[in-house]
Each structure stands twice: as C-alpha cells, then as structure tokens.
Amino acid sequence: MAPYESDDAVGAAHEGAARDGAPRPGRRKAARYAVPVAVVGVAAATIGLVPALADSGDPDLPKITAQQLIDKMATSDVQQLSGTVKITTDLGLPDLGGLEDGLLSGSGHDGSGDGSSADPRSRLTELATGMHTLRVAADGPDRQKVSLLERGAEYSLIHDGKDVWGYDSKSNEVYHSTAAGSGKERRAESPATPGDFADEALKAVDDTTSVTVDGTAQVAGRDAYKLLIRPRQSGTTVGAISIAVDAKTWTPLKFTLTPRSGGAAVVDAGFTQVSFARPAASTFDFTPPKGAKVTEEKDAAARTPAPEHDEDLAGGLGGLDVLGEGWTSVATVDTGAKGGLPTGSQGGDLGGFLGSLGDPVSGKFGKGTVFSTRLVNALITDDGKVYAGLVTKETLVKAADAGK
C-alpha cells in the first residue's frame, strides 16, 4: 500500500502532543533530551517497553490524517494489557570485551547501590543494548509487571500498589521498595508504556519536524497505522521515528528509530503478542521464595524525585544548557574538571584507553575528544566542558565553537 497522502502536520502534531496548552520554547528544548532518554533510558524503565517486528501484509484501513491519528492517541486510555515483547537496541557501541556490561550494570555490585542483583536500577539497564524478550502485564497505574527472560533464568519487576519487588531467579535474591506517591505520579517519573514512549517522541515535534501517516501495518496480529516523524534539519543523527498505532485502541504497538546514517534501527521495539483483556489478579502477587535473600531499599524517602515538568530538566541535571534549536540542539554542562580525560597518576591508563575510543578534535573551544554512537555524540573538552546531542560530530564541534 502506498503511503497515505496526509497533512504534514507539524504545527498540528505539536499542538496535539503538547495538549496541555500552548507550546513553550523552553519546554520543547528540554523535551528534546527526553528522546534519547526514552530511546535508551526507557529500556530501563518499568513496564510496557514496546517491542517486536511487524507481521507481513498491510491492512486496508480508512484513511486518516496525522492530526487525527495523534488526537486519537491522545484520547486513548488503555488500562489493561498483557503480552510478549521484543526489544533490540543497537547504538553501535565499541566492543569493550565485556567492560560495557559492568558499566551498564551500574549500582548492582560496585558499592554505590544497595548491593542486590535484584535491584532494578542495575538489572533493567541491560535493555540498553542487544536483543531481549520480555513478558509484560498491566492493570491500571498501580499494578504492572515486566519479566526479562534469560537462559534458564528470569528477572521480574512487580509493582503492586505501594510495593515494588524485584526478583532474580538465578541468584534467588529479592529487592523490595515502597512506591513513592500514587500510580499516576509514578507514571510521570519515567516513560513506562508504549504510549509513554510515543509521547516522548511527540514532545520533540516542532516546526523543524515532518509528521505524516505512512500507510498501515500489522503488529502482533493487529491492524495498525504508521505515524512517521522525520527531522527537517540536516546535522542530526536521527533519520526517522516510526510508531505503529493500533487501529482499535489507538495504543502504540511498535516503536522504531532509524539513524540518518542508515543500516539497522537504533531501537526496534514492539509487541509480538498482545491482549487488552484484564490480566489475572494473581499475575501481580509476589511473596519472596523460601531461602531468598531479601534486600530492603535503604532510604526510599531520600531518593531525589524526578522533575515534575520538562522545563525543569535543566535544573535537575545541574547546570545543563541547550545550544541551538530543533533536532540539532546540543546540551552542554561544565563539569569543572580541567584537563579533559583522566591521565597521569590519577587516571593511570584510563585516559589513554578512553581516548582511543574517541576522535581528537579542535576548534575555537580549544581541544577535546568526541565519543560517537549511531545516535548520540558527546564532546569532552580539555577545559572540562561536555557537549552532547542527537547530532553529527561536525554539528557538535560547531556548537562548541558557538558556545565559547
């Protein structure tokens, strides 16, 4: 089926995405950096990471405009679902011989966390790279479950009312914390469903973006429309974002982000099987198995809450500024660490090792090193500043020069 001739609804799409009122420039800038968070960090969020591959055959559905599709997504209120999910993430990170696993595992065993292999802060970051299969279920904002399936083992994260449980069957360890705030408030902390994932992408829509309906597809046996988001600007690493939207429930079923450089998708996430019936109540029941080591979160009340609004993101990251506009905007922060990468007696060989993974660059800003993935590029200058964005290396260097 040929792509639908639909409105290239940039203004309208943004109006639908920012449906709480008139768009604000500061909100759009900050929201831009929710996209890599949604793309990479959402893989570490709780329930509803939308994975899988589309089925063959394009269904014949009534034509719809981009604005109409976004409006229907905005009014969708699916509370119950269950299914199987696949997610593939390919950022093009260098092969560090297993070191990246330790870096991604974060707080689990490095002394900075609570020391449990069941701690979700360490386990779910595994979804930031490679291919994974999950089972998901949700019954309203206060009951969700996601299980990461592994060889001969399973990791489950269960949210049931005020309790959040993490369980690692391989180590027979349990992690328990108390949910802060209501389910609605918790949902606002991080993208947690296919709809949340799509919302983060839609927040990036402004007059630098093309939004169209690009035909139809089948995902997990369900008819869907394909919403296509493309940056109009050159200099960004983002090629396109495609969201398959269920034609009956208007729930996003599949999310694909492809880089401008071509090749495989950076993120390909969608359901392989899905049901919108209410899951059995027993799905969310959890009692620590006999003999399991149970770790209680040390101080849930002391956790730093996420910013309530996108425009607070800069303050939440401590001095983050944004240079430029649209998809070529660049976030910058001054770390105060002069001298660039660690070297000498303090850094040992670390500086040289990290430097070998990047490209040396220079400009009006001075000298520095650019670290590149297929989506996000970051520049660390010798005077301690960091520049990062969904932009090419050339765009990053220009932004650093302009920021001097």
Side-chain angles (χ1 to χ4, degrees), residues 1-19 31 34-35 38-39 42 45 47-87 136 138 187 191-205 209-230 238-258 265 267-277:
M1 177 178 292
Y4 283 13
E5 293 296 330
S6 59
D7 55 328
D8 193 0
V10 176
H14 184 248
E15 190 175 7
R19 47 188 176 270
V35 176
V39 168
V42 93
I47 178 75
L49 301 169
V50 233
L53 302 177
D55 300 332
S56 59
D58 296 338
D60 186 11
L61 297 173
K63 290 188 176 181
I64 190 172
T65 67
Q67 180 62 61
Q68 289 171 334
L69 183 53
I70 289 172
D71 287 345
K72 289 182 179 295
M73 292 169 66
T75 58
S76 175
D77 188 29
V78 171
Q79 295 289 316
Q80 292 86 28
L81 65 82
S82 60
T84 303
V85 164
K86 289 188 184 295
I87 181 167
V136 301
R187 283 175 60 112
T193 68
D196 294 333
F197 209 164
D199 282 347
E200 295 299 338
L202 289 171
K203 287 176 185 176
V205 172
T209 312
S210 165
V211 182
T212 59
V213 177
D214 188 32
T216 65
Q218 274 208 339
V219 179
R222 297 185 66 89
D223 294 349
Y225 292 97
K226 294 190 295 184
L227 187 69
L228 186 64
I229 300 171
R230 288 184 179 275
V238 177
I241 295 172
S242 178
I243 303 170
V245 183
D246 187 79
K248 289 186 177 180
T249 67
W250 309 109
T251 302
L253 299 174
K254 185 173 188 288
F255 179 98
T256 304
L257 187 150
T258 53
V267 172
D268 189 59
F271 286 100
T272 56
Q273 180 275 326
V274 65
S275 169
F276 293 100

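Predicted model only: the values in this text are computed from it and were never measured. Start at 1 with the first residue, then count along the sequence.
- With sequence neighbours excluded, the residues satisfying side-chain contact (heavy atoms from CB on, under 4.5 Å) with S82 are A137, S275, P279.
- V213 places none of its side-chain heavy atoms less than 4.5 Å from the side chain of L228.
- The distance from atom CG of L69 to atom NZ of K63, rounded to the nearest 0.5 Å, is 15.0 Å.
- Across D58 and A217, no two heavy atoms sit closer than the pair OD1-CA, 4.0 Å.
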side-chain contact (heavy atoms from CB on, under 4.5 Å), that's the test. Do L227 and M73 meet it? Break it down for me. CA-CA 11 Å; L227 187 69; M73 292 169 66; 4.3 Å; yes
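- Side-chain contact between I243 and T256 is absent, with no heavy-atom pair separated by less than 4.5 Å.
- Here the side chains of L253 and R222 are in contact, with some heavy-atom distance below 4.5 Å.
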Determine whether V211 and I70 satisfy the following criterion, side-chain contact (heavy atoms from CB on, under 4.5 Å), listing intermediate values before the conclusion. CA-CA 10 Å; V211 182; I70 289 172; 4.1 Å; yes
Derivation of the side-chain contact (heavy atoms from CB on, under 4.5 Å) call for K72 and V245: CA-CA 10 Å; K72 289 182 179 295; V245 183; over 6 Å; no
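- The nearest pair of heavy atoms linking Q273 to A220 is N-CB, 3.8 Å.
- Judged by distance alone, the side chain of T216 and the main-chain N or O of Y225 form no donor-acceptor pair under 3.5 Å.
- Counting heavy atoms from C-beta outward, D268 and K254 have side chains that approach closer than 4.5 Å.
- Contact of the L81 side chain with the V136 side chain is registered, since non-hydrogen atoms from C-beta on lie closer than 4.5 Å.
- In this structure, S76 and T249 approach most closely via the heavy-atom pair OG-O, 2.7 Å.
- Side-chain contact between D223 and L61: present, with at least one pair of heavy atoms (C-beta onward) separated by less than 4.5 Å.
- Expressed to the nearest 0.5 Å, how far CD of Q79 lies from CG of D77 amounts to 4.5 Å.
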